Colleague: 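Mind having a look at this structure? Questions to follow.
Just so we're on the same page: letters track the sequence lines, and every chain starts at 1. Predicted, not measured: the structure shown is a model, and the values here were computed from it.
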2 protein chains.
Amino acid sequence: MYINDKVVEEMTNALKIASDATRIKILSCLLDELDSTKEQSEHLIEKCVNDIALQIGASQSLVSHQLKVLKDGDFIKSRKEGTKIYYSLKDAHVREIISITYEHVLEKFESHD
Amino acid sequence: MYINDKVVEEMTNALKIASDATRIKILSCLLDELDSTKEQSEHLIEKCVNDIALQIGASQSLVSHQLKVLKDGDFIKSRKEGTKIYYSLKDAHVREIISITYEHVLEKFESHD
DNA sequence: ATATTATATGAACAGTTATTCATATTTGCA
DNA sequence: TGCAAATATGAATAACTGTTCATATAATAT
């Protein structure tokens, strides 16, 4: 299967965005359920910057920087309400990439230990 | 959804492995079909180092280095036959990660242009 | 044994990036 | 207007990583 350079580049960018511990933590805390055997909830989880920072144990500045990366990469969207900005996952692909990677890791654990 | 640090670390590692242009090209050329609307073929595609290098237009050394990374990360497996070593995708998760990322990119193109 | 083919490896360099710190911007409210 | 809360930004640094080049290993055939 041949894919052109532009598509490879965009795929690389998308996966680079997902391949960072801080960003995975952010995405995970915006993701309701990782277990794919359970039904994906349609409920949209929204969290503001400070809540995310507290939940994942990172600084406000770091979370803000990484939220920008995730947003530029179309992984999340935002909604303004007063001084707060609520972030949430953008679409199903993001959920799937995280879920499948999660399963891949679990399977690796099983087969190697 | 809370996942522990060890799992986050492994997920990060797995996605780091996938987030490189050379490695995506290698995986793509070991992947029969990217279009998820078509049925995933069960046919295993096997290619040796030099064939891959020629197909993606990279040096033998670079491909060998990256095949090692992909194999250590459980993305591919290998089979020896004489002097040649045949590589192929390891499991369905790898196909899915690549396919979904591909779709994510296509959708991004559509929504932004 | 020697040559050839196929693949792997190690060191080195260049480019990239995650994090921190300090500061700026924006909004709501008294 | 001035203050506080929430978020964003820019610069600097430290750590990481993809690629190249040269060389090594392994297997096969003559």
Colleague: Here's a test of your reading of the structure: between Ile85(A) and Lys80(B), which maps to the more 5' nucleotide of DNA chain D?
Modeller: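 That would be Ile85(A).
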Colleague: How long is the line joining CD of Gln60(B) and P of dT23(D), in whole Å?
Modeller: 15 Å
Colleague: Hey, does the side-chain of Ser59(B) have a donor or acceptor N/O within less than 3.5 Å of a partner on the base of dC21(D)?
Modeller: no
Colleague: Rounded to the nearest Å, what distance is computed from the CD1 atom of residue Ile26(B) to the P atom of nucleotide dA8(C)?
Modeller: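 In whole Å, dA8(C) P lies 11 Å from Ile26(B) CD1.
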Colleague: Measuring to OP1 and OP2 of dT5(C), would you say a side-chain N or O of Lys84(B) lies under 4.0 angstrom away?
Modeller: no
Colleague: Kindly indicate whether the side chain of Ser61(B) and the base of dT9(C) share any N or O donor-acceptor pair separated by less than 3.5 Å?
Modeller: yes
Colleague: How many whole angstroms separate atom CG of Asp72(B) from atom P of dG18(D)?
Modeller: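 To the nearest whole Å, that distance equals 13 Å.
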Colleague: Under 4.0 Å from OP1 or OP2 of dT19(D): is there any side-chain N or O of Thr22(B) that close?
Modeller: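 Yes, within the criterion.
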Colleague: Among Ile17(A), Ile52(A), Thr22(A), find the residue that satisfies the side chain to side chain contact (heavy atoms under 4.5 Å, CB included) test when tested with Gln66(A).
Modeller: Thr22(A)
Colleague: Can you run down the salt bridge (Lys or Arg N to Asp or Glu O under 4.0 Å) pairs that involve residues 51-70 of chain B, sequence neighbours left out, and say none if there aren't any?
Modeller: Lys68(B)-Asp72(B)
Colleague: Establish, yes or no, whether a centroid distance under 6.0 Å links the rings of His104(B) and Phe75(A).
Modeller: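 They qualify: ring centres under 6.0 Å apart.
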Colleague: Has Gln66(A) got a side-chain N or O lying under 4.0 Å from the OP1 or OP2 atom of dT19(C)?
Modeller: yes
Colleague: Report yes if at least one side-chain N or O of Ser64(B) is closer than 4.0 Å to OP1 or OP2 of dT9(C); otherwise report no.
Modeller: no
Colleague: Could you tell me whether the phosphate oxygens of dA6(C), OP1 or OP2, come under 4.0 Å of any side-chain nitrogen or oxygen in Tyr87(B)?
Modeller: no
Colleague: For dA5(D), does OP1 or OP2 lie under 4.0 Å from any side-chain N or O of Asn50(A)?
Modeller: no
